[in-house]
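All remarks here apply to the structure that follows.
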Amino acid sequence: MSKTRILIIDDEPDFIKVISQRIESWGFEVASCENGPEALGIIESNPPDIVILDYIMPEMNGVAVLRQIRAKNKDIPVIMFTAHPDINVIKGTDELGVSAFIPKFSAYTDVQNSLKAALALIESKLGKGKRG
Amino acid sequence: MIKIRRPGFTLFLLLVLVVGIAVSFGSFILVKRHENKAIEAEFVSRATDLARGIKNSIDDNATALYSIRDLYRASQSVEREEFYNFTTGLLALHPDIYEFRLIKRIKGSERAYYETSLRKEGFPEPVIREFDRDYNLIRASDRDEYFPITYVEPLNGRKDVIGIDASSDPLRWAAMKEARDTGLQVGSGNILLKGENTPTYAFRNFLPIYRNDAPHNTIQERRDNLLGFAVLVFRMEDVIDLTLKGWERTGIDICVCDEAVSGNAYGKYFCSREGSKGSRAIPENEFPRKNNLQYKLIFDSAQRSWSVICIANPEFLREHRRYSSWLALFAGLLLTGLLLAYLYNILNRSLLIEIEVKQRTDELNKANSFNAALLSTIPFPMDIVDENGNIVYLNEKMEGVVGKDAIGKKCWMEYKDNGERCDSCPLIKGIEMDKTHTIEASGVLGGKVFQISHTGMVFAGKKAVLEIFEDITDKKKSEEKLAELSAAVQQGPAVVVIADTEGNIEYINPKFTQLTGYSMEEALGKNPRILRSGEHSQDFYKNLWDTIRSGREWRGEFRNKKKSGELYWESASISSIKNDRGEISHFIAIKEDITVRKMMEAELVRANEQLMKIDQLKSEFVSTVSHELRTPLAITKEGISLIIDKIAGEINEKQMTILVTARENIDRLARIIGDLLDISRIEAGRVVLKKEKIDITALAGQALSTFEPRIKQKGLGLKKELPSKEVYVYADSDKIIQVFTNLLGNALKFTDKGHIGVSIAEKAGVVECAVFDTGTGIAQENIPKLFGKFQQFGRVPGAGEKGTGLGLSIAKGLTELHRGKICVESALGKGTKFILLLPKFDPEMVFKEHIDDSIHDAVKRDTRVSLVLVSIADFDKTKASISESRFSDIMKEMTSLLKNSLHKEGDVVAKDTSEIIVLLSDCNKDSALSVMARLKQALEDYLQKGNLSGKVGLCFKSVTFPDDGGSEAELLNKVRV
């Protein structure tokens, strides 16, 4: 069984660099890109199992990208990262089916733990759970 | 029609008729009599003249005979020549004398001589002859004396008469004897003349001639001394004809009667009948018919009685007939007739007039009563005053005001409050008949203003003035008010324009000129489009005109152009002015120059935009800070974490310690950034709560459990004083957890021994949550400063996370956002208890909060909010008929059904009991009604499907903000009624 493939979309290459290593350390296969259009191309050509999407991006923000994704693929699980201090202000995502919102940085919660938990949950749902 | 019967009327007329006829006939008779008398007088006068004429002629003739005797007295012997000469002159004077004769007394002895001398004179029959018995002439027998006719003049054809002894005829001899004896002239009767070719009768008068030289005083002397007789022969016909010759027409028949002749002997009557030729002797039976008009004159001549009888003939009567009497009769009858007609007419007219008068009187009475009724209803007080101002009449209205006693008093004493005469009183100048002077008088009848009209008239035969009072106090006040209003329009700050229905300007106030630069002359009659700047569309003006023509008010703003070309803004209210019939007669525009306001508004908009921009910048700043600061932090932290987690390879202990410290400080920095952002957002009111019904007990437990490892790690006890059942609040769980986290974090920081605990308690309307510890506590004086920013005082935190100094400020801010309160109880060295009071969950409150939020939102966005209330009819009964759990399910199902039906149109707030409220944002009344209809259909379908139609009855009602109410309470009150 192949590794669960995750596509990370973030305009910050450094963040991708560190978070990819972390996710890969958990045994996932990670692909990444820095903007929406590129991501849509990847999803089209080589659909990932899970998408991790940054909320704030220049040009095309996370919600817009997600809307485009949903136009083609209704089922792909999406985890949204946000550096916004208030998750509540993220609007317009209700019907777009976001599996989890993960604060990009929180002094009180652990990004790794949250992300790990969300990924594990999604994996189990996808029936790809091998990390057990 | 009123009929009046007058029996006396006919009787009177009849009487007048009788009297009239009587008078007519009376006057007829009188005039007739007078007429007759006049005729008679005329007749008598004429007849007298005629009769006297005849008498005079006879007398004159007799007188002529005396002149012959006088001739004899003068000479004693008269020769034939002398006789002839003398008588010829007399005959010329008396043409009615037939002839004169001279009879001589010849004694028997003288016969021969006499006869001889006659023969000498040449007479053929010179013999004295006498009449025999048969009246034939024969030679006279011898006797003592003879009385032969000796001279005859005129002699022509009468020569044979000479020598005839007149005494031989007894008729003549009788007259001659009487004449001889008396010495008087004596006439004989009518005797046939001898010697005439046609038998002719004539009268003879014998006058004796005595001897001059012998006395003849006695009969004997006379017989002795008689010489002879002078004889006058005349025909009565001649006398009459000659007399009548002087008369043209007499109209009178004349008869001369020889009275001496008795019986009806021929020769007694000599008559002249007018129209017949000459007079003649007639028998009595041929005498003209006698009538009333006859005259008789009796006289004597030559010892003979005569009478002249004058009889008016028809000619006379015809000539003297007068018609005066008939005229009088006719005139009388005519006058009677006319009088009757006149009287009839008069009486008839008087009757008619009487009827008319009666009718008029009736009408007048009716009119009077009507007038009286009318007068009593006339709302104006009236009176009549004489020229001196004395009241002589009051109408009911005025009587009611001043009382009856006012009559006879001066009007100003009665009416004027000050009792003084009005300055403008028309009576001062005198009364002008039928002219009306109207004055205005104030201070009348108790401070009122009256308009009093004075009309000159005649009352009770005297000059007077009718005064009509009209109370114009209110009118005056209105006028003053109007003047004020007018002044307000004239001088007020607003521009006022009044135009007719076509838009032609009829009035502008000075402010218009001041604003636009158009003078009154320039603006009047023009259309307000002179002000158009061209900046508004045709539709704009069409809408304006459509609005005001429909009678509604138009409000709006114009960008108009002044006369100078300068543009300006004005706000206008244009509405219609309607006349009595409700038709629009004018439009009035009240406008205000809002150019400055507009500029300020534009400025404001710009400033607002600027502010929005700044706000946006601030938001962006927050985002940027969050993102831009946190991203490197996250990367740094993640990088360090990767090393610490040895994903990048092994590290030594020393390195590990450094990296962990670094990572802790990265966290601290992140916390500070987070807290700073939080507090700034809270203070800016930018925190949006995502409220829901949450179980505070579970939440508190959850928060505590995250601290549990650290608390235990620090060797502290953990106390949970939580109720066994759920306690609900309406709150944003993340924010409440943040508050708990802050408080627990604090507790952990300042507690080294003892325990840390959380308690939840339900109080009236609130839920009291507490986080308590047995830590260092807070000095009392520091408590007020506790919730300030960056306040860290006195308390020495133990090992572990470093605070940011913002935690309690954030906790307080978040609590207050939830309409809650936070307070603290603390004792130094003993511990601290933070108490959080949150409103207990109450569906009603949630309702209200929802509605309130929607209203705020609507106000902010200038939209409407509608509210649909679905309630269960007969709630208690329905609940009793269905099991509670089933009912609760039904409510839940209906709620979710509503949510699905609405999609994104609204928010559904379910109340667990009997109501479901649907909030429709940005939804006006009409839309609300159509949404309600749709919801109703959906719910009824649902009930029918579940066979619940009969068991659950639903009521639907909707209200809209701001149409139905301005607040949540008003809307709920209205929708629930």
Side-chain angles (χ1 to χ4, degrees), chain A residues 8-28 30 32 34 52-59 61-63 80-96 100-117, chain B residues 619-620 622-648 664 666-678 680-682 686-691 703 706-707 732-735 737-738 741-742 744-745 801-802 804 903-904:
Chain A
I8 300 173
I9 307 150
D10 198 312
D11 61 314
E12 192 61 65
D14 287 352
F15 185 74
I16 292 175
K17 214 183 276 172
V18 292
I19 206 71
S20 311
Q21 286 197 37
R22 173 65 69 181
I23 294 169
E24 278 168 2
S25 75
W26 293 333
F28 293 97
V30 177
S32 67
E34 292 176 18
I52 295 174
L53 186 59
D54 191 13
Y55 178 64
I56 298 172
M57 284 189 291
E59 290 171 34
N61 74 14
V63 176
M80 194 166 268
F81 261 135
T82 175
H84 204 281
D86 191 347
I87 287 173
N88 292 348
V89 303
I90 297 168
K91 299 255 172 172
T93 55
D94 291 1
E95 72 279 4
L96 293 173
F101 284 100
I102 311 272
K104 218 171 184 179
F105 192 96
S106 172
Y108 311 103
T109 53
D110 195 21
V111 177
Q112 292 103 311
N113 289 339
S114 303
L115 185 58
K116 201 175 176 182
Chain B
S619 272
E620 280 168 13
V622 169
S623 295
T624 307
V625 165
S626 308
H627 194 258
E628 298 302 319
L629 287 180
R630 279 174 167 179
T631 303
L633 274 178
I635 296 163
T636 310
K637 188 185 173 186
E638 189 54 34
I640 291 169
S641 293
L642 281 172
I643 296 166
I644 289 170
D645 291 346
K646 296 171 182 169
I647 290 167
E664 278 172 3
I666 289 169
D667 278 345
R668 188 179 169 196
L669 180 58
R671 277 202 303 279
I672 291 169
I673 292 168
D675 282 358
L676 273 173
L677 287 172
D678 278 350
S680 76
R681 281 165 57 246
I682 289 166
R686 294 174 56 88
V687 175
V688 180
L689 296 180
K690 208 171 176 183
K691 277 176 159 185
T706 55
F707 278 86
D732 183 330
S733 55
D734 286 349
K735 301 293 184 250
I737 283 183
Q738 195 178 349
T741 305
N742 278 351
L744 286 167
E801 285 181 353
K802 301 261 188 324
T804 60
H903 312 297
K904 294 295 289 174

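Lettering follows sequence order; numbering is per chain, from 1. All values below were derived from every heavy atom in this structure, side-chain atoms included, with hydrogens, water molecules and symmetry-related copies excluded.
- A donor-acceptor contact shorter than 3.5 Å links the side chain of A:Asp10 to the backbone of A:Glu12.
- Using a 4.5 Å cut-off between heavy atoms, B:Leu669 makes no contact with chain A at all.
- With B:Asp678 as reference, B:Gln738 is the one residue of B:Gln738, B:Lys735, B:Arg671 to meet the side chain to side chain donor-acceptor pair (under 3.5 Å) rule.
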**Request:** Check the pair A:Phe81 / A:Leu115 against side chain to side chain contact (heavy atoms under 4.5 Å, CB included), numbers first and verdict last.
**Result:** CA-CA 9 Å; A:Phe81 261 135; A:Leu115 185 58; 4.0 Å; yes

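- Proximity to chain A involves both the backbone and the side chain of B:Leu642, based on heavy atoms less than 4.5 angstrom apart.
- The 12-atom threshold is exceeded at NZ of B:Lys691, counting heavy atoms of other residues, nucleotides or ligands nearer than 6.0 Å.
- Residue contact with chain A, scored on non-hydrogen atoms closer than 4.5 Å, is absent for B:Thr636.
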